[in-house]
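Both counts, for ligands and for their atoms, begin at 1 and track the order of listing. Nothing fancy with the numbering, it's 1 onward along the sequence.
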Amino acid sequence: MINRRRFLSVSSLAGLFPTLSFKTVSPTPNEAPAGGPLVISTWKQPKANAAAQAALDRGGSALDAVEAGVRIPEADPEDMSVGYGGRPDRDGRVTLDACIMDEKGNAGSVVFLEHIMHPISVARAVMEKTPHVMLAGEGAYRFALSQGFKKENLLTAKTEKEWREWLKTAKYKPIANIERHDTIGMLSIDAQGNISGACTTSGLAYKMNGRVGDSPIIGAGLFVDNEIGGACATGLGELVMRTCGSFLVVELMRQGRTPQQACEEAALRIVKKQDYKDIQVGFVAVNKKGETGAFSIQPGFNYTITQDKQTKVIDAPSYLK
Ligand code: ASP
């Protein structure tokens with residue numbers, strides 16, 4: 001029902017200021033960052049960064065770059081925590097989570113998606129072609145098919161063999177930095193100074209069927225605010241979700257922290273409130289000026305930066321030494 005009082009007040013205001021126009025205060029696209037175009041991703045991802053950089057070199061936007069970048073590990077069966085070849089849940093099903101966010105604050109996400117190799121591109125289609133932000137499970141899968149994505153078997157011989165081995169004891173405990181879970185989160189700044197981000201994962205190996213982590217949750221696994229910067233997370237999603245980790249990092253940057261300080265403070269928030277002893281969580285962040293930061297709870301987290309055509313893999317500082 002229309003709220004008549006509100007309608008009247010809005011329309012009478014419009015009558016009072018018929019020609020009033022407002023200047024937008026958002027940063028102009030030409031406010032290119034000091035550091036110029038840049039790509040930063042969680043973990044050791046030089047090939048993904050190269051694909052993102054190639055998209056920027058073709059004149060693509062930061063959004064094009066992050067999508068192209070994370071598609072590399074999604075298609076790589078040797079990367080056993082993302083996309084094709086990702087480790088399954090305890091029922092042997094590979095279920096994928098991904099999200100993407102652009103410089104206008106638009107976002108798209110898929111959760112518990114099966115049989116589709118590139119969840120990040122489905123997330124982008126959700127953002128661009130539907131009125132929604134997130135699609136889950138069967139609905140996400142049917143939407144993907146409707147958009148021309150192909151049904152594929154994502155469980156490889158290798159991951160199936162490992163899973164069958166795991167079933168013999170079926171012990172479940174996520175272990176920090178043991179290659180049982182990782183996420184690629186990627187942020188990019190394009191030549192116009194616009195920021196976008198992407199995040200994609202098969203989640204925790206041998207998770208309960210139906211479990212969804214932080215990676216496809218806007219504000220947890222990824223957050224971008226083009227006025228401020230962007231952040232993404234990797235590690236045990238339950239800890240990240242409880243603190244809205246990536247949103248927190250961006251909000252801390254808004255309050256004046258550098259990306260490094262913001263990542264540290266967000267990780268400390270987790271350490272202060274949750275049982276973190278054997279658990280890994282890592283954040284990476286970039287601000288509008290192109291300054292970057294990264295921090296994790298446990299040692300062993302690294303990240304990849306591509307800037308001025310040079311790619312470096314850097315060990316992130318950590319809370320525990
Ligand atoms: N964050 C992911 C999840 O909880 C996994 C990871 O990054 O290791 O699903």
(request) Compute the ring centroids of Tyr141 and His115, then answer whether they are less than 6.0 Å apart. (result) yes
(request) Under 4.0 Å from a heavy atom of Ser215: give me the atoms of ligand 1 that qualify, with their elements. (result) 1 (N), 2 (C)
(message) Any nitrogen or oxygen of Asp97, side chain or backbone, less than 3.5 Å from one on ligand 1?
(response) no
(message) Judged on heavy-atom distance to atom 5 (C) of ligand 1, which of Ser202, Gly282, Ala205, Gly235 sits nearest?
(response) Gly235
(request) Examine the side chains of Glu251 and Gln255 and answer whether a donor and an acceptor come within less than 3.5 Å of each other. (result) no
(request) Enumerate the atoms of ligand 1 whose separation from the nearest heavy atom of Thr183 is less than 4.0 angstrom. (result) 1 (N), 2 (C), 5 (C), 6 (C), 7 (O)
(message) Whether the Asn287 and Glu291 side chains hold a donor-acceptor pair (N or O, under 3.5 Å, no angle test) is what I'd like checked.
(response) yes
(request) Could you list the atoms of ligand 1 found under 4.0 angstrom from a heavy atom of Gly203? (result) 9 (O)
(request) Indicate whether the side chain of Asp97 and that of Ser215 have a donor and an acceptor atom separated by less than 3.5 Å. (result) no
(message) Is it true that, when you exclude Tyr84 itself, more than 12 heavy atoms of the residues, nucleotides or ligands shown sit nearer than 6.0 Å to its OH?
(response) no
(message) Whether Glu138 and Arg142 form a salt bridge (side-chain N of Lys/Arg under 4.0 Å from carboxylate O of Asp/Glu) is what I want to check.
(response) yes
(message) Looking only at distances, can you tell me whether any N or O atom of Gly237, backbone or side chain, sits closer than 3.5 Å to an N or O atom of ligand 1?
(response) yes
(message) Counting only heavy atoms closer than 4.0 Å, does ligand 1 sit against the backbone of Met241, its side chain, both, or neither?
(response) neither
(request) Compute the ring centroids of Tyr206 and Tyr172, then answer whether they are less than 6.0 Å apart. (result) no
(request) Check whether any heavy atom of Arg211 sits under 4.0 Å from an atom of ligand 1. (result) yes
(request) Report yes if some N/O of Thr234 lies less than 3.5 Å from some N/O of ligand 1; otherwise report no. (result) yes
(request) May I ask you to check whether Asp214 has an N/O atom sitting below 3.5 Å from an N/O atom of ligand 1? (result) yes
